[in-house]
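Have a look at the structure below before the remarks.
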2 protein chains.
Amino acid sequence: MADLLLLTPVPGGSAQVLPALGLLSHRVRVLPVEPSALVDAPDSDIVVLDARRDLVTARTTCRLLRATGLTVPLVLVLTEGGLTVVTAEWGVDDIVLESAGPAEVETRFRLVMERAATSSYDDAPQEISSGELTIDAGGYTARLRGRPLDLTYKEFELLKYLVQHPGRVFTRAQLLQEVWGYDYYGGTRTVDVHVRRLRAKLGPEHEQLIGTVRNVGYRFDPPKDRRGAVDDRDQVHEPADA
Amino acid sequence: MADLLLLTPVPGGSAQVLPALGLLSHRVRVLPVEPSALVDAPDSDIVVLDARRDLVTARTTCRLLRATGLTVPLVLVLTEGGLTVVTAEWGVDDIVLESAGPAEVETRFRLVMERAATSSYDDAPQEISSGELTIDAGGYTARLRGRPLDLTYKEFELLKYLVQHPGRVFTRAQLLQEVWGYDYYGGTRTVDVHVRRLRAKLGPEHEQLIGTVRNVGYRFDPPKDRRGAVDDRDQVHEPADA
DNA sequence: GACTGCGTGACACCCGGATGACCACCACGT
DNA sequence: ACGTGGTGGTCATCCGGGTGTCACGCAGTC
């Protein structure tokens, strides 16, 4: 089940363009081939362009879509006669004959979506950052103001988990559950020690990034602009009574 | 007119596999699906793999071809029933039903060749460089400061894969999957030994290029440029005491 | 003022990676 | 055919550092 955007000059439904589509269970939005329709393209999983009638318009539409830096796969619907015209320069990811059966259409759509997913997965640096702190989950490295922190495995996992949920307080039991993974009773002081080692490696001026909430646990305090806040000690005080 | 390499388990001619091929004017070489036939693949413009009967063999053949760094387009011939099995992970460039007409086959072949031509023209230098390390994928040679490293096949493949994804950590299982290619359970220590041999050949002063991430895996650490260090204020005290 | 909860330093265990050695196997050349 | 060198996979062992635990001190709380 995917979200398709079908661009066609034909007013009729999708069955007019690609009969096989009617036999598949996808959410299909049908729009005319107009520049105004292109803004909706990024919201879809696949853009299907009807190039049966007007090959010239189809070609310019392809180029327009590509010019906007569209990352969504683009599939062309063609007649037998239109086959000879299409070139790689159009930038389409796949082509489908209007007479294609549902199994073939389904497979082609699936393949182009998979390819798009894996390619974007490959290049993604997989990093999250908060303020001056940057965490690269793919490379298992953390940097503070660009300076790499030499963290151990557990320290990195702990910091990553906290940064992934900024501002939220976690009890020691929760952290043991989520970061350590296994059910763990007794010895919750283990978390304390790891937090302490983390703070030490963050340096004296940044150890405040990990805050302590008495009787509750720890939390990552996303760095805020310190310009207006003079008395930060009290402003953090907030509602912790429970 | 192109040079096709048709891999098929069926002894008969190409017309048995893909009838439309008989109506097109391409030079077709037919070989059985065997590892020995794969060495001929780079000489062709397209490799066409018959996946109508044996989908399992077809899958492993695809992976084998991709593992050798094949740049030639790979097209699969399928039956209707085989459509659901293929995934993007196979690494094929296009698929064709055995019942496809000559016009469609011709267009798909042409598109796939055009794409290969433009992509290899654009961004496939066959040569990867990172710092003082240069890897020539085409010639299976690696140089460090211009000095050629005498690497074995697996060592080269491992180094190439790591360098292709600089800064990223790979688990032993991932490396076995990607570099060794086949599904592999148990004996992940194999990776350790190969990394060790690689480091030994890189020399004591460069063995740091392959970093170890405890509890996770290995990573290629691109040599850092000391020149462009933005700030010198903090980086001096980087090790968090002890 | 007693108690609770967290920070701090120190320490011992043990896991995980490094290391060296061994052997099966394949591709060579003779 | 055989012998040979090189490659690749596995095993046993060593060692270092990461991790967990404890004791102690201090600060906050009732």
Side-chain angles (χ1 to χ4, degrees), chain A residues 140 142 149-159 161 169-173 175-177 179-204 207-219 233-234 236-237 240-242, chain B residues 35-36 39 67 140 142 149-161 169-177 179-204 207-219 221 239-242:
Chain A
Y140 267 87
L149 302 172
D150 183 28
L151 302 182
T152 71
Y153 176 73
K154 275 281 154 55
E155 287 164 2
F156 181 82
E157 291 291 321
L158 177 59
L159 180 61
Y161 185 77
V169 184
F170 296 97
T171 67
R172 292 166 178 73
L175 290 173
L176 284 172
Q177 177 94 4
V179 178
W180 273 253
Y182 47 92
D183 306 80
Y184 201 97
Y185 292 106
T188 58
R189 305 302 307 275
T190 298
V191 180
D192 300 37
V193 178
H194 278 268
V195 167
R196 172 199 147 223
R197 289 168 180 158
L198 251 180
R199 284 171 174 164
K201 291 190 177 178
L202 287 174
E207 65 179 15
Q208 61 193 3
L209 287 175
I210 301 179
T212 304
V213 179
R214 209 180 160 87
N215 286 315
V216 185
Y218 297 99
R219 109 184 114 192
R233 195 66 60 189
D234 283 342
V236 181
H237 204 126
D241 67 282
Chain B
S36 61
V39 298
Y140 267 84
L149 299 173
D150 183 28
L151 301 182
T152 71
Y153 175 76
K154 273 282 153 52
E155 288 164 1
F156 181 80
E157 290 292 321
L158 176 60
L159 180 62
K160 188 181 77 174
Y161 186 77
V169 180
F170 296 96
T171 67
R172 292 167 176 74
Q174 283 178 317
L175 290 173
L176 285 172
Q177 174 100 359
V179 177
W180 273 252
Y182 45 91
D183 305 80
Y184 200 98
Y185 291 105
T188 58
R189 309 308 304 272
T190 298
V191 180
D192 299 38
V193 179
H194 279 267
V195 166
R196 170 187 142 229
R197 289 168 179 158
L198 252 179
R199 283 172 173 163
K201 291 191 178 179
L202 287 174
E207 66 179 14
Q208 56 184 5
L209 287 175
I210 301 178
T212 305
V213 179
R214 212 157 212 275
N215 283 308
V216 184
Y218 296 99
R219 144 185 75 193
D221 288 318
D241 75 294

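Note: hydrogens, waters and symmetry copies are ignored here, and every other heavy atom, side chains too, is used. Order of the sequence lines fixes the chain letters, A, B, ..., with proteins taken first and strands second; residue numbering starts at 1 for each chain.
- Residues B:Y218 and A:D192 each lie close to DNA chain C; by heavy-atom proximity, the contact nearer the 5' end of the strand is made by A:D192.
- Applying the salt bridge (charged side-chain N to carboxylate O under 4.0 Å, His left out) rule to A:R199 yields no partners; only residues at least two apart in sequence or on another chain are considered.
- Of the side-chain N and O atoms in A:T212, none sit less than 4.0 angstrom from OP1 or OP2 of C:dC6.
- At the phosphate of D:dG17, neither OP1 nor OP2 sits under 4.0 Å from any side-chain N or O atom of A:T152.
- Both B:R214 and B:K201 lie near DNA chain D, and the one whose nearest nucleotide falls closer to the 5' end is B:K201.
- Rounding to whole angstrom units, OH of residue A:Y153 and C1' of C:dG16 are separated by 12 Å.
- Rounded to whole Å, atom C1' of C:dG7 lies 14 Å from atom CD1 of A:I210.
- Residue B:R199 places at least one side-chain N or O under 4.0 Å from the OP1 or OP2 atom of C:dA18.
- Residue-level contact check: A:F156 touches neither bases nor backbone, having no heavy atom under 4.0 Å from any strand.
- The CG atom of A:L198 sits 13 Å away from the P atom of C:dT8 (whole-angstrom rounding).
- Side-chain nitrogen and oxygen atoms of A:T190 include at least one within less than 4.0 Å of the OP1 or OP2 phosphate oxygen of D:dT21.
- Residues B:K201 and B:E155 are paired through a salt bridge, judged by an N-O separation under 4.0 Å between the basic side chain and the carboxylate.
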Verify side chain to side chain contact (heavy atoms under 4.5 Å, CB included) between A:L149 and A:F156, making sure each step is shown before the conclusion. CA-CA 9 Å; A:L149 302 172; A:F156 181 82; over 6 Å; no
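- The nearest pair of heavy atoms linking A:V179 to A:L158 is CG1-N, 3.9 Å.
- Taking only side-chain nitrogens and oxygens, A:H194 comes nearer than 4.0 Å to OP1 or OP2 of D:dG20.
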A:W180 vs A:E157, test: side chain to side chain contact (heavy atoms under 4.5 Å, CB included). Steps then yes/no. CA-CA 9 Å; A:W180 273 253; A:E157 291 291 321; over 6 Å; no
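- We find that CG of A:L175 is positioned 13 Å from P of D:dG20, with the value rounded to whole Å.
- Between the OH atom of A:Y140 and the C1' atom of C:dG17 there is a distance of 16 Å, rounded to whole Å.
- We find that NZ of A:K154 is positioned 14 Å from C1' of D:dG17, with the value rounded to whole Å.
- Here the side chain of B:R189 is nearest to one of D:dG18, C:dA18, D:dG8, namely C:dA18.
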Distances for protein N/O vs nucleotides 9-12 of chain C N/O pairs under 3.5 angstrom?
unit_1	atom_1	unit_2	atom_2	d
C:dG9	N7	A:R196	NH1	3.3

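- For B:N215, whose side chain is taken as the heavy atoms from C-beta onward, the closest listed nucleotide among C:dG16, D:dG20, C:dA18 is C:dG16.
- Here the C1' atom of nucleotide C:dG17 and the CD atom of B:Q208 are 18 Å apart, to the nearest Å.
- Remark: A:W180 is in phosphate contact with D:dG20, judged by side-chain N or O atoms under 4.0 Å from OP1 or OP2.
- Contact between B:R172 and B:V216 at its shortest, heavy atoms only, is NH1-O, 3.9 Å.
- Using the six-membered ring where Trp is involved, A:F170 and A:Y161 have ring planes that are tilted, between 30° and 60° apart.
- Minimum atom distance to the side chain of A:R172 is reached by C:dC6, of the listed D:dG20, C:dC6, C:dG7.
- Residues passing the side-chain contact (heavy atoms from CB on, under 4.5 Å) test with A:N215, sequence neighbours excluded: none.
- What separates CG of A:D150 from C1' of D:dG17 is a distance of 11 Å, to the nearest Å.
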